[in-house]
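For reference, the structure is listed below as structure tokens.
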Amino acid sequence: MKNDKEIIEELKQENKALEWENQLLKTIMDCIHEGVFVTNANGEIILYNRVVEKTEGMKREEVLGRREEDVYSFSSEYFFHETVTNKVRKTGKSVVEQHYEYSLPDGRKTSILFSTFPFYYKGQISAVYTVGRNVNQIGEFIAKTLEMQKKLFREENNQSHRAKYLLEDIIGISEKICEAVLLARKVATHKSPVLIIGETGTGKELFAHGIHNASLYAKGPFVPINCAAIPETLLESVLFGTVKGAFTGAVDIPGLFEQAEGGTIFLDEINSMPFPVQAKLLRVLQDKVIRRIGSTMEIPVNCKIVSATNVDPFRIENEKIIRPDLFFRLATVAINIPPLRERKEDIKVLCANFIKKYNREFGLFVEGISDALIELFEKYHWPGNVRELENIIESGMNCVDGDKKTLKLDHIPVYFRNRIRKLMEQHLEAGYSGELHKTLADYEKKFIEQALKKNQGNISKTADDLGIWRQNLHYRIKKFGIEVRETP
Ligand SMILES: Nc1ncnc2c1ncn2[C@@H]1O[C@H](COP(=O)(O)OP(=O)(O)OP(=O)(O)O)[C@@H](O)[C@H]1O
Ligand SMILES: [Mg+2]
């Protein structure tokens with residue numbers, strides 16, 4: 001049996017826990033975007049969060065504990081409490097998603113979108129709570145969104161919807177890239193949607209331009225949209241357009257599907273498209289018609305749909321990033337652009353192409369790239385693919401003197417050299433005996449052979465030259481199988 005002292009102690013602990021929980025809930029109430037207003041069974045205000053303070057321009061100290069009719073008796077607000085909170089208290093039924101306009105003590109007008117609910121405790125209504133949003137703020141949000149939509153529309157028009165690149169601009173001699181270009185050329189002439197899959201910087205946009213220009217739609221506009229760059233709430237109206245009155249501030253504006261009429265719509269980063277928009281896009285692909293938001297009129301869709309993603313299809317499927325039914329339709333034809341590390345044969349020709357480009361831009365006369373640098377490039381894993389290669393060449397070309405004909409390792413930015421060095425060290429530390437290790441060994445072998453040649457095969461002189469012990473040189477000669485020939 002517990003004695004009185006123990007019971008009191010236990011109650012104290014319970015009170016502390018309740019106080020803590022109460023404090024936590026109040027703190028959370030003050031950081032949400034909705035206004036929360038609660039009255040108890042007697043109609044006294046017991047919770048009045050920060051958003052309501054801001055909306056109504058009153059402090060909670062002024063209102064807490066007072067009956068709502070006393071607080072709001074100054075104006076028509078009483079009407080709200082009379083008709084809404086009292087109704088909910090009397091009927092026990094919620095009032096959901098209502099719009100209500102009223103004036104504040106300082107004369108400002110405000111309007112809220114709210115829901116009011118009864119709170120039952122032990123079978124009785126012990127409180128009524130209202131959760132609402134300030135419509136003025138929602139209005140501001142919609143206005144901002146529309147402004148952006150109009151800006152986008154103008155920008156898109158100004159770009160005159162031209163695709164800059166041709167499939168011929170895609171540089172590469174590897175079997176993989178040639179196959180991808182061949183497939184792109186073939187599917188360009190079909191009406192089916194095309195999905196381009198490739199890591200960042202592999203040339204997805206280049207392919208999209210190329211496909212458009214090689215397609216039956218080449219004379220029409222090329223309308224790109226990056227699904228990741230548009231806020232979720234806006235994407236739908238940008239794609240499908242709106243009609244006046246669809247929502248506060250909505251105007252008659254065509255969506256990108258309409259703007260792409262007779263041309264190509266390029267849905268870049270399709271993996272970032274929110275699910276509700278994916279559902280609408282699926283319907284467009286099935287029915288070949290769109291409806292502007294707020295309209296029932298069906299507008300036929302007549303454009304090629306090219307989309308791109310840098311997320312590999314296994315992840316898309318496993319993590320359900322794109323709805324399977326939509327993915328299946330978008331990827332009627334899928335073009336895989338392999339990463340640069342899987343087509344090393346392309347590095348040399350890409351380098352030559354970028355050198356030509358930056359010779360023209362910087363007024364240089366560089367003819368090529370040193371073998372050592374190419375070898376290094378071929379060992380690197382290129383996480384940023386062709387874009388990264390182009391950036392490296394561009395930085396290198398910035399450091400080449402006007403009279404130099406070869407781009408060398410010294411011209412390459414330090415951060416890149418360090419990155420490669422680190423990579424090599426990591427592989428060596430891990431006891432890696434693969435390609436990178438072999439490259440280093442090859443370098444070393446060549447270096448020793450050259451030193452031996454210079455010193456006519458004299459071991460002592462060569463060791464001196466290399467700054468290593470004779471025994472060490474012997475060991476390396478044996479290890480690399482170097483043939484030593486003393487020349488007179
Ligand atoms: N095969 C190629 N030949 C010539 N230039 C290329 C090739 N592939 C990519 N590039 C160039 O590399 C850069 C990146 O290409 P692009 O923007 O098409 O890549 P992306 O796959 O769309 O990348 P992200 O996923 O980051 O958007 C561009 O400057 C592009 O011109
Ligand atoms: Mg891109």
Side-chain angles (χ1 to χ4, degrees), residues 155-156 159 161-185 188 194-214 222-230 235 256 264-273 305-313 315-316 321-322 330-331 333-362 369 374 377-378 380-398 416:
E155 274 173 11
E156 295 296 343
Q159 279 174 7
H161 294 328
R162 287 272 154 258
K164 281 190 286 184
Y165 307 107
L166 304 172
L167 287 174
E168 288 76 16
D169 294 327
I170 298 168
I171 310 283
I173 52 167
S174 63
E175 209 179 314
K176 284 181 175 174
I177 202 79
C178 292
E179 268 173 16
V181 175
L182 206 69
L183 181 61
R185 198 174 294 288
V194 179
L195 176 68
I196 306 168
I197 306 162
E199 286 180 12
T200 180
T202 45
K204 295 184 291 296
E205 200 171 326
L206 206 59
F207 267 81
H209 281 225
I211 290 172
H212 170 74
N213 281 330
F222 176 80
V223 181
I225 174 158
N226 186 332
C227 302
I230 311 281
L235 190 59
L256 297 186
T264 301
I265 186 164
F266 174 43
L267 306 167
D268 204 357
E269 301 208 30
I270 186 87
N271 47 290
S272 299
M273 184 178 274
I305 300 173
V306 178
S307 43
T309 176
N310 56 18
V311 178
D312 82 77
R315 253 194 73 206
I316 289 183
I321 294 172
I322 299 180
L330 285 174
V333 180
I335 299 179
N336 270 298
I337 314 181
L340 191 55
R341 66 185 157 278
E342 286 178 17
R343 45 182 169 109
K344 301 212 154 141
E345 313 88 285
D346 292 343
I347 292 177
K348 222 175 187 162
V349 279
L350 281 165
C351 286
N353 176 66
F354 295 137
I355 286 176
K356 220 160 93 189
K357 176 174 168 187
Y358 291 103
N359 269 339
R360 270 197 310 269
E361 271 186 36
F362 302 156
I369 190 164
I374 281 285
F377 279 176
E378 283 173 356
Y380 183 56
H381 61 303
W382 298 108
N385 292 292
V386 183
R387 183 183 291 115
E388 188 180 6
L389 177 63
E390 179 168 0
N391 290 344
I392 298 293
I393 299 284
E394 185 184 350
S395 317
M397 293 290 276
N398 266 297
F416 182 75

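All ligand and atom numbering here is 1-based and tracks the order in the structure. Numbering of residues begins at 1 and proceeds along the displayed sequence. These values consider heavy atoms only, across backbone and side chains, with no hydrogens, waters or symmetry-generated copies.
Although no hydrogens or angles enter the test, the distance criterion places no donor-acceptor pair under 3.5 Å between the side chain of Asn336 and the main chain of Pro338. Looking at Asn385, its side chain does come within 3.5 Å of a backbone N or O of Leu340 through a donor-acceptor pair. Side-chain atoms of Lys204 come within 3.5 Å of backbone N or O of Gly198 as a donor-acceptor pair.
The proximity of Ile337 to ligand 1, defined as any non-hydrogen pair under 4.0 Å, does not occur for either the backbone or the side chain. Heavy atoms of Glu269 found under 4.0 angstrom from ligand 1: none, in either backbone or side chain.
A donor atom on one side chain and an acceptor atom on the other are found under 3.5 Å apart for Asp346 and Ser174.
Taking atom 7 (C) of ligand 1 as the reference point, the nearest protein heavy-atom neighbour is Leu206 CD2, 3.4 Å. Looking only at protein heavy atoms, the nearest one to atom 29 (O) of ligand 1 is Glu390 OE1, 3.4 Å. In terms of protein heavy-atom proximity, atom 1 (N) of ligand 1 is closest to Ile171 O, 3.0 Å. The single protein non-hydrogen atom nearest to atom 16 (P) of ligand 1 is Gly203 CA, 3.7 Å, given as residue, atom name and distance. For atom 22 (O) of ligand 1, the nearest non-hydrogen atom of the protein is Glu205 N, 3.2 Å. Considering only non-hydrogen protein atoms, atom 20 (P) of ligand 1 sits nearest to Lys204 N, 3.5 Å. Scanning the protein for heavy atoms near atom 10 (N) of ligand 1, the closest one is Val386 CG1, 3.5 Å. Summary of contacts: the protein heavy atom closest to atom 26 (O) of ligand 1 is Thr200 OG1, 2.5 Å.
Looking at Ile170 next to ligand 1, no N or O pair under 3.5 Å apart turns up. Looking at Arg387 next to ligand 1, an N or O pair under 3.5 Å apart turns up.
Near Leu350, meaning under 4.0 Å from any of its heavy atoms, are these atoms of ligand 1: 2 (C), 3 (N), 4 (C).
Heavy-atom distances between Gly201 and ligand 1 reach below 4.0 Å in at least one pair.
For Glu345, there are no salt bridge (Lys or Arg N to Asp or Glu O under 4.0 Å) partners two or more places apart in sequence or in a different chain. Not a single salt bridge (Lys or Arg N to Asp or Glu O under 4.0 Å) links Asp268 to another residue, sequence neighbours left out.
A salt bridge links Arg185 to Glu168: at least one charged side-chain nitrogen sits closer than 4.0 Å to a carboxylate oxygen.
Side chains of Ile322 and Met273 form no contact here, defined as non-hydrogen atoms less than 4.5 Å apart.
Other residues, nucleotides and ligands place more than 12 heavy atoms under 6.0 Å from the CD atom of Glu342.
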